[in-house]
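Following: one structure in structure tokens, then a few remarks.
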Amino acid sequence: MNRYDLIIRGGRVLDPETAFDAIADVAVKDGVIAAVGDIAGSAEAIIDAKGLVVTPGFIDLHAHGQSLPADRMQAFDGVTTTLELEVGVLPVARWYDEQAAQGRTLNYGAAAGWVFGRIATMTTQQTASSVAGMGEAMRDKRWVEEVATPAETAEIVERVRAGLEQGGLGVAFPNAYAPGTGVKELSELCSLAARHNVPTYTHIAYMSNVDPRSSVDAYTRLIGLAGSTGAHMHICHFNSTSLQDIERCAELVRTAQAQGLKVTVEAYPYGTGSTVVGAEFFADPAFCQRMGTGYEAIEMVAERRRLADREELLARQQREPGALVLIHFLDVAVNQRHRELLDVSVMYPGGAIASDAMPWILGNGTLYTGDAWPLPDDAVSHPRSSATFTKFLHDWVIERKAVPLMEGIAKCTLIPAQILGASTPSMHRKGRLQTGCDADIAVLDLATLKDRADFLNMNRPSDGVKHLLVNGAAVIADCTLLRDARPGRPVRRSVTS
């Protein structure tokens, strides 16, 4: 008789790749799923999953937290793999070494950070590979506003190439934060990505409801780059970058996909975004017209205070460009039309759910990376940092039944794994509940699964994740965090020696 490390008994097991949906057992041995079905063997530990749903752990393609408190909050959201792909990091090898040294609760990985290559090449600034570091580097805006010289372009491309050869998961491409970038540079980077068979993870160049430089303009450019270079162009936060033009943007993407172009999308289930106050698009004199909102839509996260006017915005950009803000772009709480627009991105066929989770900061504006659990009372971020996946499943799948359960689980697991699969072979073992796959597993109580975080209480963990395994090791057991758990492993492409 086989002896396993763990057996999850009697749950409703869902595997989105094979469409397996049945009451079954799942056995785990040495961090891998050893068997699925009616398992007669014994185990060192048993989880009684009767009445519960057993799924692959969720894969977040877009998570900026990358820290112990961020991992813990995402664990209660069902996440087992959390990746920094939109902004990325440089140098890539150093970042992976730092994560391994500190120990991570969840699996982790990052793309090669193009903007950090631009900052290093075009300015004298030393900056951290983080959203806040990118914001602080906006003190010298040459990298934001100017076309690189041919020599600078060659150096930027070389820095990104080195990041890919150190195992980066693709090219992080937040184009909107450097809107002055020339198309020659963009095309070189996309061709680099195509040669390495990796995606670009793109924040489109423009976010606006108004031509010129509208979101529709930016999506047309992105699709053109996919066609002209052969690159896989992955669209980050389809919802927030499309604003109120999401229906037309979705038409463009559907047409590109039907023609065989490598274009994929992700979205998060909120009408509010988050970034740094130094973002160049806030400084546009026509911001209100272009975004369809006023400056009061910009909220300082640490202070929980909305900006009064353009004068205050510009002062903040000078004083603290790396400070985190919320941007309320759709009023989904009261506006039915806005809820319908959010549906277009969240329910896009074949699209992934991804959080764009932000770092955790304290009320005084400092980054929080400590060990306290629960998080300190004044720790704030964006509710999506706590509750993206549970909110999507509760609101769209369980309550509204707008998305079938298996499809909803696929958007959180299989689809993100497939977006990475061609370039990162280890992702073929994630996002699936099959023999031989990594034992990244969520055991969910659909009756209680619900987001608890909101814009007044951002640091409340979600309910309903009864158990969470990362590489076969328990991170959550009976709804309780195991504080010493550090089973996270790197997700990384092969390193070129």
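Between the side chain of Ser386 and the backbone N or O of Pro461, no donor-acceptor pair lies under 3.5 Å. Here the side chain of Arg305 pairs no donor or acceptor atom with the backbone of Ala302 at under 3.5 angstrom. Judged purely by atom type and a 3.5 angstrom limit, Asp71 uses its side chain to pair as donor or acceptor with the backbone of Leu106. For the pair Glu84 (side chain) and His62 (backbone), a donor-acceptor distance under 3.5 Å is absent. Here the side chain of Glu247 pairs no donor or acceptor atom with the backbone of Ala250 at under 3.5 angstrom. At least one donor-acceptor pair closer than 3.5 Å links the side chain of Tyr348 to the backbone N or O of Arg254. Side chain of Asn459 to main chain of Ala379: a donor-acceptor pair is present (N/O by atom type, distance under 3.5 Å, no hydrogens or angles). In terms of modelled atom types and a separation under 3.5 Å, the side chain of Thr424 and the main chain of Met427 share no donor-acceptor contact. Looking at Ser423, its side chain does come within 3.5 Å of a backbone N or O of Leu420 through a donor-acceptor pair.
Nearest heavy atoms, Ser381 versus Leu326: O-CD2, 4.1 Å. Taking each heavy atom of Leu468 and Gly78 in turn, the nearest pair found is CD1-O, 3.8 Å. The nearest pair of heavy atoms linking Val276 to Gly135 is CG2-CA, 3.9 Å. Residues Leu469 and Thr80 approach most closely at O-CG2, 3.5 Å, considering heavy atoms. Contact detail for Ala256 and Ile223: the closest heavy-atom pair is CB-CG2, 3.7 Å. The two residues Phe389 and Cys412 make their nearest non-hydrogen contact at CD2-SG, 3.6 Å.
The shortest distance between side-chain heavy atoms of Leu481 and Arg72 falls below 4.5 Å. Put simply, the side chain of Val32 does not reach to within 4.5 Å of the side chain of Cys437, judged on heavy atoms. A heavy-atom distance below 4.5 Å is found between the side chains of Leu252 and Val216. The shortest side-chain heavy-atom distance between Leu446 and Leu405 falls under the 4.5 Å cut-off. Using a 4.5 Å heavy-atom threshold, the side chains of Val198 and Leu169 count as separate. Annotation: side chain of Asn107 is in contact with side chain of Val470 (closest heavy-atom distance under 4.5 Å). Asn209 has its side chain out of reach of Met291: every pair of non-hydrogen atoms, C-beta onward, lies at least 4.5 Å apart. Residues Thr105 and Leu68 form a side-chain contact, since some pair of their non-hydrogen atoms from C-beta on lies under 4.5 Å apart.
A salt bridge does not link Asp77 with Arg384: every distance from a Lys NZ or Arg NE/NH1/NH2 to an Asp or Glu carboxylate oxygen is 4.0 Å or more. Salt bridge annotation for Asp440-Lys430: present, with a cationic side-chain nitrogen under 4.0 angstrom from a carboxylate oxygen. Taking the charged nitrogens against the carboxylate oxygens, Arg400 and Asp343 do have a contact shorter than 4.0 Å, which makes a salt bridge. Salt bridge Asp217/Arg213: absent, no basic N to carboxylate O contact under 4.0 Å. Salt-bridge annotation for Arg248 and Glu251: present, with a side-chain N of the basic residue lying under 4.0 Å from a carboxylate O of the acidic one. No salt bridge links Asp15 with Arg432; every basic N to acidic carboxylate O contact stays at or beyond 4.0 Å. At a threshold of 4.0 Å, the pair Asp438-Arg429 counts as salt-bridged, since one of the basic side-chain nitrogens sits closer than that to a carboxylate oxygen.
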*Start with the C-alpha distance between Arg221 and Tyr206, add both sets of side-chain angles, then the distance that settles side chain to side chain donor-acceptor pair (under 3.5 Å), and finish with yes or no.*
CA-CA 10 Å; Arg221 172 194 281 202; Tyr206 318 125; 2.9 Å; yes

*Asp60 and Ser355: side chain to side chain donor-acceptor pair (under 3.5 Å), yes or no, with the steps?*
CA-CA 7 Å; Asp60 192 354; Ser355 73; 2.5 Å; yes

*Pair Val36-Phe20, side chain to side chain contact (heavy atoms under 4.5 Å, CB included): steps then yes or no*: CA-CA 10 Å; Val36 178; Phe20 183 88; 4.3 Å; yes

*Intermediate values then yes/no, salt bridge (charged side-chain N to carboxylate O under 4.0 Å, His left out), Arg9 and Asp25*: CA-CA 4 Å; Arg9 289 211 179 274; Asp25 306 326; 3.0 Å; yes

_Residue pair Arg290, Asp284: steps toward the salt bridge (charged side-chain N to carboxylate O under 4.0 Å, His left out) verdict_ = CA-CA 9 Å; Arg290 294 177 68 76; Asp284 188 332; 3.3 Å; yes

*Do Ile7 and Val26 pass the side chain to side chain contact (heavy atoms under 4.5 Å, CB included) test, and can you show the C-alpha distance, the side-chain angles, and the key distance before you say yes or no?*
CA-CA 6 Å; Ile7 298 177; Val26 179; over 6 Å; no

_Could you go through Thr264 and His232, starting from their C-alpha distance and side-chain angles, then the distance that decides it, and tell me whether this counts as side chain to side chain donor-acceptor pair (under 3.5 Å)?_
CA-CA 8 Å; Thr264 54; His232 174 176; 2.8 Å; yes

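Atom CG of Asp371 has more than 12 heavy atoms from other residues, nucleotides or ligands within 6.0 Å. Asp378 CG: more than 12 foreign heavy atoms inside a 6.0 Å radius.
A distance of 10.0 Å separates CD1 of Ile398 from CZ of Phe392, quoted to the nearest 0.5 Å. Residue Asp356 holds its CG atom at 5.5 Å from OH of Tyr268, rounded to the nearest 0.5 Å. Atom OG1 of residue Thr272 and atom CG of residue Asn239 lie 10.0 Å apart, to the nearest 0.5 angstrom. Residue Met73 holds its CE atom at 11.0 Å from OG of Ser67, rounded to the nearest 0.5 Å.
Aromatic pair Phe173/Tyr201: centroids not less than 6.0 angstrom apart. Within the 6.0 Å centre-distance limit, the rings of Trp373 and Phe76 are counted as a close aromatic pair.
Donor-acceptor pairing under 3.5 Å is recorded for the side chains of Gln336 and Arg339. Residues Arg337 and Gln244 have side chains that never bring a donor and an acceptor to within less than 3.5 angstrom of each other. In the model, Glu266 has no side-chain atom that pairs as donor or acceptor with a side-chain atom of His237 under 3.5 Å. Thr241 and Tyr219 form a side-chain donor-acceptor contact under 3.5 Å, judged by distance and modelled atom types alone. For the 3.5 Å distance criterion, the side chains of Thr448 and Asp445 qualify, holding a donor opposite an acceptor. A donor and an acceptor atom, one from each side chain of Gln99 and Gln66, are nowhere located under 3.5 Å apart. There is a side-chain donor-acceptor pair under 3.5 Å between Thr202 and Thr200. For the residue pair Glu86 and His64, a side-chain donor N or O sits within less than 3.5 Å of a side-chain acceptor on the partner.
Contacts of His328 classified as ring pair (Phe, Tyr, Trp, His ring centres under 6.0 Å), with partners at least two apart in sequence or in another chain: Phe455. Not counting sequence neighbours, the partners of Ala387 by the side-chain contact (heavy atoms from CB on, under 4.5 Å) test are Tyr270, Thr390, Asp451, Ala453, Ser462.
In this structure, His203 and Phe281 have parallel ring planes: the angle between them is below the 30° cut-off, well short of the 60° mark.
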